[in-house]
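Each chain gets a letter, A, B and so on, in the order the sequences are listed, and its residues count up from 1.
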2 protein chains.
Amino acid sequence: MKDVAREAGVGIKTVSRVVNGEGYVGEATAARVRAAVERLAYRRDVSAGSLRRADRRTLSIGLLLGDVSNPFDAQVHRGVEDAAGAAGFAVLSASLDEDPERERELVPTMGSYQVDGLIVMPAGPDPTALQREMDAGMPVVLVDRGVEGLETDSVVVDNQSGARLATEHLISYGHRHIAFMGDRQFLPTARMRLEGYREACWAARAATHIIPDLSNEYLAETATRAMLQASPAPTAIFAAQNLVTIGVVRALRSLGLEHEIAVVGFDDISLGDLVSPAITVIAQDPHLIGKMAAERLLARIGGDTGPVEQIIVPTSFLVRGSGEIPPA
Amino acid sequence: MKDVAREAGVGIKTVSRVVNGEGYVGEATAARVRAAVERLAYRRDVSAGSLRRADRRTLSIGLLLGDVSNPFDAQVHRGVEDAAGAAGFAVLSASLDEDPERERELVPTMGSYQVDGLIVMPAGPDPTALQREMDAGMPVVLVDRGVEGLETDSVVVDNQSGARLATEHLISYGHRHIAFMGDRQFLPTARMRLEGYREACWAARAATHIIPDLSNEYLAETATRAMLQASPAPTAIFAAQNLVTIGVVRALRSLGLEHEIAVVGFDDISLGDLVSPAITVIAQDPHLIGKMAAERLLARIGGDTGPVEQIIVPTSFLVRGSGEIPPA
DNA sequence: ACACTTTATGACAACGATGTCAGACGGTCT
DNA sequence: AGACCGTCTGACATCGTTGTCATAAAGTGT
């Protein structure tokens, strides 16, 4: 900027004014400055600017997801990016892999990059890292799940009633022995979905059969195969997470049981409508979740001091075939 | 930092030395500083530090992808993140949507955030924005495709020979009328895949049937349906991109032709092994592509001034059924 | 002609950190 | 004792930018 000022024969503050469009600069001077900027291929340094500016804004937000390559998380990511990008904010992202250790580590790291706010899909139940950041004045919005003891905005879906709906759907087709296969129980979403399943089973006086802690596709497949050896084997399965659903479908296929045993999944899966039978699911709208979280965060960054909000994004029920198989 | 210095009763430079582990600090002093850091919940400001430091490093890299929510791109993203994270670098990412306009805009934006290097899946054929960045000393690594006229490292797959292999595979099963359905032809990868298809057809003296510029699933589905009305209709399809493959499969399914017409896809698709018939594909390893790109970039950031490298990541051929259907 | 406002401009300090340098202290060698 | 070295420490300038303020010129109202 000093160089540009010299090149244009003006003071550095005048260059600053032109670059930031502050006005109070003569048209002729401004033109000379713009020409110099062009000639020297000058580009403003956002971080140096934020250093001196009163609000310390860096026009960037941090995004901590479970795994950027999980289709659900990737859609959330895109939603955040769309909303943030429209407001001129850049997105710094990282994957936590549901590891509380990484959360403890990466939350302060994001802080040290001076992001203006943080969107987090929390990996653990421990609020201290995030609380510390919030105490330092950092706006935080949680997505997908909350953290007990942390008073801040969140964007979630109603996992419990979605799971209840899915289970009731199976019950309405005559099933009374429905297995629940879900993700790790320290995840609040997994617990809520289990709760919804339990509610529906109780109401129908159906037995419960719970297989938790399936953290990936492979474990889900193995567990499904093992479970179906038992007798009496369940006649239907509620698969409470996207990767679990894939594992279940894969196991049923390998046993040739995909047209005998009913399946309803939570979260849509790519090509779920093309396999045979097509997979009935409770679908979320992850792009919308990300977009709303980013909008909430941007409002907080902009100074919104209203009460803490919990935004619940609706789910939709996609009936496709696998969930409408009656018991044998 | 000034506050920490006052709290600990030392000079700010001493605090800096402790925080950065520079040594030459007495143990007692260091302990007092660490205690003060803890008490005041102090965190170093990375960007302010980089301002004065000679190398201007911000320990962050920029990543410009087609679309962070495309499964292929998301895997690349994760590969980059893994390699960058291990070296202590943060990743600033954005989606270009194959729009050269956005590329012109976001490349300098990344520059103004002072990233130490840039990994780009280029959206357009125009090298100027990237060239300008490189002239300013920014290391750049291209992924998935190159840019003509830009002398820089790149990590790609051999699209041409992959496509040739796929086509030859169909020919070996007796097909002589194979349709090529591909993405927009301004994308180098799309052109290379078409070239590979052409080579194989020529060698076998088979007719070509080319349907380009299918930029999404829906267009691919519609085009497939239209094409199959023609007579004589092709007996096999080479679907040259992941979303195109999905569209093709969807169209065949809706016409009930999925067991009549052979399909080989380029890029693996999720659940491609579960649909019936399972989809034969040329699979890439996007995680590896991202990882290698990041490693190359980190080497350049670290001062590697060796000659420009083009890294070619091998593809693999997954034979699953859809590509082994003989012509009627 | 006078006071007052508006527009245009640059000098300078400051943001939070690090590089440079100089100085103080204690120990070792001649 | 004096020269010399290694360790430990802080004052100060500096990185690129913006906030504050002073100043000057031109315009406006009386």
Only distances under 3.5 Å count here; give the side-chain donor-acceptor pairs of residues 287-294 of chain A to other protein atoms, sequence neighbours excluded, each with its distance to 0.1 Å.
from: A/His287; atom 1: NE2; to: A/Asp82; atom 2: OD2; distance (Å): 2.9

Considering only distance and modelled atom types, tabulate donor-acceptor pairs under 3.5 Å from the side chains of residues 13-28 of chain B, sequence neighbours left out.
from: B/Asn20; atom 1: OD1; to: B/Arg44; atom 2: NE; distance (Å): 3.4
from: B/Glu27; atom 1: OE2; to: B/Arg34; atom 2: NH2; distance (Å): 3.0

Practice task
List the steps, then state whether side chain to side chain donor-acceptor pair (under 3.5 Å) holds for B/Thr189 with B/Asn159.
Solution key: CA-CA 6 Å; B/Thr189 47; B/Asn159 288 285; 5.5 Å; no
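The shortest side-chain heavy-atom distance between B/Pro100 and B/Asp126 does not fall under the 4.5 Å cut-off. In this structure, A/Leu64 and A/Glu103 have side chains that are not in contact, with every pair of non-hydrogen atoms separated by 4.5 Å or more. Counting heavy atoms from C-beta on, the side chains of B/Arg296 and B/Asp304 come closer than 4.5 Å. Put simply, the side chain of B/Met121 reaches to within 4.5 Å of the side chain of B/Asp73, judged on heavy atoms. Looking at heavy atoms from C-beta onward, B/Asp144 lies out of side-chain contact with B/Val156 at the 4.5 angstrom threshold. The shortest distance between side-chain heavy atoms of B/Leu130 and B/Val107 falls below 4.5 Å.
Within the structure, ring pair (Phe, Tyr, Trp, His ring centres under 6.0 Å) pairs that include any residue of residues 44-87 of chain B comprise A/His77-B/His77 (at least two apart or interchain). Listed by first then second residue, pairs satisfying salt bridge (charged side-chain N to carboxylate O under 4.0 Å, His left out) with a partner in residues 83-97 of chain B read A/Arg78-B/Asp97, not counting sequence neighbours.
Residues meeting the side-chain contact (heavy atoms from CB on, under 4.5 Å) test with B/Thr152, sequence neighbours left out: B/Met134, B/Val140, B/Leu142, B/Leu150. Residues passing the side-chain contact (heavy atoms from CB on, under 4.5 Å) test with B/Ala87, sequence neighbours excluded: B/Phe89, B/Leu298. The salt bridge (charged side-chain N to carboxylate O under 4.0 Å, His left out) check on A/Glu101 picks up A/Arg104, with sequence neighbours excluded.
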Completion exercise
Each nucleotide of nucleotides 22-28 of chain C classed B (base within 4.0 Å of a protein heavy atom), S (only sugar-phosphate) or -, in 5' to 3' order, makes -------
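A sub-4.0 Å separation between OP1 or OP2 of D/dT7 and a side-chain N or O of B/Tyr24 is present. Listed pair B/Ser16 / C/dT18 meets the phosphate criterion, a side-chain N or O lying under 4.0 Å from OP1 or OP2.
DNA chain C is contacted by B/Tyr42, B/Arg43, B/Arg44, B/Asp45, B/Ala48, B/Gly49, B/Leu51, B/Arg52, B/Arg53 of residues 42-54 of chain B, taking any non-hydrogen atom closer than 4.0 Å. Taking a 4.0 Å limit (strictly below) on heavy-atom distances, residues 26-33 of chain B does not reach DNA chain C anywhere.
Rounded to an integer number of Å, the gap from A/Leu59 CG to D/dT18 P is 11 Å. Taking atom CZ of B/Arg6 as the reference point, atom P of C/dA17 lies 13 Å away to the nearest angstrom. B/Lys13 has its NZ atom 13 Å from the C1' atom of C/dG16, to the nearest Å. The nearest whole Å value for the distance from the OH atom in A/Tyr113 to the P atom in C/dA17 is 15 Å. The CD-P distance, from B/Glu22 to C/dA17, rounds to 14 Å in whole Å. As a whole-Å value, the separation of B/Met1 CE from C/dG19 P is 11 Å. For the pair A/Asp55 CG and C/dC15 C1', the interatomic distance rounds to 12 Å; values are reported in whole Å. Following rounding to the nearest Å, A/Ile12 (CD1) and D/dT18 (C1') show an atom-to-atom distance of 9 Å.
In this structure, the nucleotide among C/dT9, D/dC12, D/dG10 sitting nearest to the side chain of A/Val25 is C/dT9.
Ion pairing between a basic and an acidic side chain is recognised when a charged N comes within 4.0 Å of a carboxylate O; B/Arg300 and B/Glu295 show no such pairing. Between A/Asp3 and A/Arg6, at least one side-chain nitrogen of the basic residue sits less than 4.0 Å from a carboxylate oxygen of the acidic one, meeting the salt-bridge criterion.
Side-chain atoms of B/Gln114 and B/Ser47 include no donor-acceptor pair closer than 3.5 Å.
Summary of helix geometry: the two end axes of the helix from C/dA1-D/dT30 to C/dT30-D/dA1, each defined by five base pairs via their C1' atoms, are inclined to each other by 40° (rounded to 10°).
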Each nucleotide N or O in nucleotides 21-23 of chain D that has a protein N or O under 3.5 Å away: list the pair and distance.
none

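A donor and an acceptor atom never sit less than 3.5 Å apart when one is taken from the side chain of A/Lys2 and the other from the base of D/dG16.
B/Val10 comes within contact range of the sugar-phosphate backbone alone, with a heavy-atom separation under 4.0 Å but no base atom that close.
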